[in-house]
2 protein chains.
Amino acid sequence: MKVNGTAMIVTRKYSISPETIKRMITYLRYLEIQKKKGIRIISSKDVTSYLNVPPEQFRKDLSFFGGFGKRGVGYEVERLIKTIKKILGLDRKTRAILAGAGRLGAALIQYPGFSGINMDIIAAFDNDAGKIGKQLKSTRIYDIRNIGSFIRKSRVRVAFLCVPADSAQSVADSLVRAGIKGILNFAPVALVLPAGVYVGNVDMASEIGNVVYHMKITN
Amino acid sequence: MKVNGTAMIVTRKYSISPETIKRMITYLRYLEIQKKKGIRIISSKDVTSYLNVPPEQFRKDLSFFGGFGKRGVGYEVERLIKTIKKILGLDRKTRAILAGAGRLGAALIQYPGFSGINMDIIAAFDNDAGKIGKQLKSTRIYDIRNIGSFIRKSRVRVAFLCVPADSAQSVADSLVRAGIKGILNFAPVALVLPAGVYVGNVDMASEIGNVVYHMKITN
DNA sequence: TAGATTGTTAATCGATTAACAATC
DNA sequence: TAGATTGTTAATCGATTAACAATC
């Protein structure tokens, strides 16, 4: 679809799978590397060659949003990067808060892989008096009792949930009451939350369990 | 299937999806909680009620391995826990090593969610002279140049890969050369490794990107 | 034009959900 | 027996892969 000579990005509501979205970020990452190498034009085959993804998958994923390449030629690297960023909402800074400033939270806040996805972690929260008032990198740690009022004032909508399993649900509830709409949950619990709140789960124990299972059957 | 009056666990090679395996671990986790509460018998409905999973999914998942419940009654909690552990290979300790003892690796090694999946992280490796010789909890940090010989001597088969993105592939190569068969990769790169090596990926940037995308479309 | 590569439709595959007979 | 709940088969749904016409 073309409008004024530029490809139009179709913003779809729902219906696009998380798998597609997550793959798009791996494409983006690889494209950035190629761009740094000075590559200007790239084919679907080249983009996916190191990603364990078939080229058709790449074209299919993009096709949910529009057509961004030139038949017979390929894709303009720089333009495609901009397009994918716009599709994913990574062209603007997204502010987020961190609930739980333990080891995992601290690792997360300083995770180098975040460069390029344009996140701004504006505050961290913990219930440990020894941590409150300190800084994690450039992020200040506040008393978790003030998390609700902070969310309301700052109107932040995304949170990383890194508190222990047994308090995850109650902390999540207070996040949502204050207006958080997207949570990336690292606690090994399935959160029960109202519709309209998007929850992504990173369950490291089950990822490891999956690897262990494969070790067992490959004996 | 019954053999000598006890349900037989069918060990399948491949063909069982990672989704099923990962869900099994969430079942296990919930069953452990119920067991601590003194619950002895549980239905598929009860197991899944807090897991955002339909009860049929639970029964289907189990059915890949056998039948472990009593029709009209439910499942014996303690017995089911033991069975799932055995199916997943969590009834025995699995030894693993940590490659990359940065913040993420340190968080991982001390992750409380690991209790219950029976992992023994027997050594950590890093290239930072300031870290080598130190301990992470009870795990000693060694020079990463010795990781190959350590793997060969100890015959460990599972590794957590927490090194920076740009060295992930080369470290993974040396892990595999030394005999590692299962890797949980936290670096934001797609590893290219020979068949027979199982790689699980935890890509935190793309998980966050997925949440951000959902924020964007829910506006 | 001939060759290359996209964008999209169709076919396949696999996973989830529904339904229900078996049976406690 | 009547009610409950499993285990499994069948139906549905969605995602991946294949194929190919469009077109640069």
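Annotation for B:Lys45: atom NZ does not count as buried by contact number, only 12 or fewer foreign heavy atoms lying within 6.0 Å.
Here C:dT6 presents its P atom at 14 Å from CG of A:Asp61, a figure rounded to the nearest Å. The distance between atom CD of B:Glu76 and atom C1' of C:dC24, rounded to the nearest whole Å, is 14 Å. Rounded to whole Å, the distance from CZ on B:Arg23 to P on C:dT17 is 8 Å. D:dC13 atom P lies 18 Å from atom CD of A:Glu19, rounded to whole Å. Spacing between atom NZ of A:Lys45 and atom P of C:dG3 amounts to 16 Å, rounded to whole angstrom units. With rounding to whole Å, A:Lys22 atom NZ is found 12 Å from D:dA15 atom P. The distance from atom CD1 of B:Ile41 to atom P of D:dA4 is 17 Å, rounded to the nearest whole Å. Atom pair A:Ile21:CD1 and D:dA15:P shows a separation of 11 Å (rounding to whole Å applied).
DNA chain D is contacted by both A:Gly72 and A:Pro18; A:Pro18 maps to the nucleotide lying nearer its 5′ end (nearest heavy atom per residue). Toward the 5′ end of DNA chain D lies the nearest nucleotide of B:Leu62, the other residue of the pair A:Pro54 and B:Leu62 mapping further downstream.
If you check D:dT16, C:dC24, D:dT6 against the side chain of B:Arg59, the one that comes closest is D:dT6. When each of C:dT17, D:dA15, C:dC24 is scored by its nearest atom to the side-chain atoms of B:Gln57, the top-ranked nucleotide is C:dT17. Comparing atom distances between the B:Arg71 side chain and each of C:dA22, D:dT17, C:dA15 picks out C:dA22 as nearest. The listed nucleotides are C:dT16, D:dT6, D:dT17; the one nearest the side chain of B:Lys60 is C:dT16. Nearest to the side-chain atoms of A:Glu56 among the listed nucleotides D:dT16, C:dT16, D:dA18 stands D:dA18. Comparing C:dT17, D:dC24, D:dG7 by their closest approach to the side chain of B:Tyr75 singles out D:dG7. Closest to the side chain of B:Ser43, from the set C:dT16, D:dT5, D:dA18, is D:dT5.
The shortest distance between the side-chain N/O atoms of A:Ser44 and the OP1/OP2 oxygens of C:dT6 is below 4.0 Å.
With A:Ile81 as the fixed residue, the side chain to side chain contact (heavy atoms under 4.5 Å, CB included) test singles out one of A:Lys85, A:Glu78, A:Arg79: A:Lys85.
With a cut-off of 3.5 Å on both pairing distances, the Watson-Crick or G-U wobble partner of C:dT17 is D:dA10. Judged by Watson-Crick or G-U wobble contacts below 3.5 Å, the nucleotide C:dC24 has D:dG3 as its partner.
At a threshold of 4.0 Å, the pair B:Glu207-A:Lys22 counts as salt-bridged, since one of the basic side-chain nitrogens sits closer than that to a carboxylate oxygen. Using a 4.0 Å cut-off between charged side-chain N and carboxylate O, A:Lys93 and A:Asp120 make no salt bridge.
Using bins of under 30°, 30° to 60° and over 60° for the plane-to-plane angle, the ring pair A:Phe58/A:Tyr75 lands in the perpendicular bin.
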